Amino acid sequence: MQKCTIKDIFKGIEFSSSQIAIAENKFTEIFVEKGTVLLTPGELVPYQYFVFDGCLRTYFITENGKEYTLQFAINDWWISDYTAFFTGEKSMFYIDCVKDATIFKISKESMEQLYKDVPQIESFFRIKMERFFGSYQKRILSDLALSAEEKYLRFLKSYPNIEKHIKNYHLASYLGITTESLSRVRNELAKK
């Protein structure tokens, strides 16, 4: 397997060798096995994670036990409970590993220091957050306005090659539909 470098994490940024050394010192590489829970509600959120390989999922469970998946994070994606990460509040979400993953974690303090030491990283994250915010708005609109089939097709476009690695109920909870509706959508699309 290819080794991940700072240039893999921050694609498109030109670094000096000293900046690479500074940035490498701020990240911790970890291997996470499928089924591992990285975060549970009520915990402080000290890290955000870059997924080099594998798949993580953010979700929450209502008081009556209904599960809602908010995000899947695949290769080159970032994941955390961002509200808690940025505000210092306790987590509302779970993050678990749905496919063995190699990830890199970084604390808020380390990230703030990187912004000072390597200014182009702050610009990188500003652009990432702008795109992330735009994606969340589109997701909210799709949840309100799209049919189950349209949501499913949009998911396949956003997360190519992930469907075989996740459970049907995870996908259904992400789409806001039942597993039966998901099966019906797949069957209808197979007939087309």
Side-chain angles (χ1 to χ4, degrees), residues 1-40 43-59 69-139 155 157-166 174:
M1 175 189 244
Q2 173 191 348
K3 181 165 172 42
C4 181
T5 67
I6 290 301
K7 289 185 177 187
D8 293 320
I9 295 173
F10 298 107
K11 287 186 170 91
I13 295 180
E14 292 297 321
F15 293 104
S16 68
S17 56
S18 64
Q19 289 174 323
I20 289 173
I22 290 167
E24 285 176 343
N25 193 39
K26 302 293 183 194
F27 284 88
T28 302
E29 179 180 5
I30 55 176
F31 177 78
V32 185
E33 291 183 0
K34 179 179 178 177
T36 301
V37 176
L38 293 172
L39 183 66
T40 59
E43 293 181 348
L44 293 175
V45 182
Y47 303 106
Q48 64 175 314
Y49 304 95
F50 172 80
V51 180
F52 177 65
D53 185 48
C55 180
L56 302 180
R57 173 178 78 114
T58 302
Y59 64 101
T69 298
L70 297 170
Q71 176 190 4
F72 293 100
I74 54 177
N75 306 15
D76 295 332
W77 288 45
W78 292 82
I79 191 168
S80 188
D81 178 336
Y82 286 107
T83 300
F85 181 77
F86 291 125
T87 65
E89 297 172 5
K90 292 187 177 177
S91 174
M92 300 179 293
F93 306 121
Y94 293 89
I95 295 178
D96 72 358
C97 183
V98 296
K99 178 184 174 195
D100 287 355
T102 301
I103 63 176
F104 290 79
K105 67 180 183 178
I106 186 166
S107 70
K108 188 170 190 296
E109 296 76 23
S110 291
M111 187 59 72
E112 293 291 336
Q113 191 60 50
L114 266 183
Y115 291 162
K116 292 175 186 166
D117 296 342
V118 187
Q120 58 268 47
I121 288 178
E122 185 170 26
S123 176
F124 173 89
F125 271 105
R126 179 187 51 80
I127 292 166
K128 280 274 188 206
M129 283 302 182
E130 289 169 355
R131 290 180 184 157
F132 182 75
F133 183 73
S135 294
Y136 257 51
Q137 283 189 327
K138 286 180 181 178
R139 169 111 191 267
F155 172 84
K157 185 177 178 183
S158 296
Y159 295 101
N161 305 316
I162 191 178
E163 189 176 12
K164 63 184 175 237
H165 300 292
I166 61 175
Y174 178 84

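Values in this document were obtained by computation on a predicted structure and should not be read as measured data.
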Quick check: do Met111 and Gln48 have side-chain heavy atoms less than 4.5 Å from each other?
yes

Pair Glu43, Thr40 - check side-chain hydrogen bond (donor to acceptor under 3.5 Å, both in side chains), show working.
CA-CA 6 Å; Glu43 293 181 348; Thr40 59; 2.9 Å; yes

Full working for side-chain contact (heavy atoms from CB on, under 4.5 Å) between Val45 and Leu39
CA-CA 8 Å; Val45 182; Leu39 183 66; 4.0 Å; yes

Got Phe50 and Ile106 here, is their nearest side-chain heavy-atom distance under 4.5 Å?
no

With rounding to the nearest 0.5 angstrom, report the CD1 to CD distance, Ile121 to Gln19.
7.5 Å

On the 0 to 90° scale, with breaks at 30° and 60°, tag the Phe27-Phe104 ring pair as parallel, tilted or perpendicular.
perpendicular

I need the minimum non-hydrogen distance between Leu44 and Glu89, along with the two atoms involved.
CD2-O, 4.2 Å

For Gln120 and Glu14, what are the C-alpha separation, side-chain angles and deciding distance, and is it a side-chain hydrogen bond (donor to acceptor under 3.5 Å, both in side chains)?
CA-CA 8 Å; Gln120 58 268 47; Glu14 292 297 321; over 6 Å; no

Working to the nearest 0.5 Å, report the span between OH of Tyr115 and CZ of Phe124.
10.0 Å

Note: Arg57-Asp96 ion pair, threshold 4.0 Å (strictly below):
yes

Taken in chain and number order and not counting sequence neighbours, the residues that satisfy salt bridge (charged side-chain N to carboxylate O under 4.0 Å, His left out) with Lys108 are Glu112

Could you tell me if the side chain of Phe15 sits less than 4.5 Å from the side chain of Val118, heavy atoms only?
yes

Charged N-O contact under 4.0 Å between Glu130 and Arg126
yes

Shortest non-hydrogen separation from Tyr174 to Leu70 and the atoms involved
CE1-O, 3.4 Å

Geometric class of the Trp78/Phe125 ring pair [parallel <30°, tilted 30-60°, perpendicular >60°]
perpendicular

Lys105 charged N/C atom sitting above Tyr49 aromatic ring, 6.0 Å / 45°
no

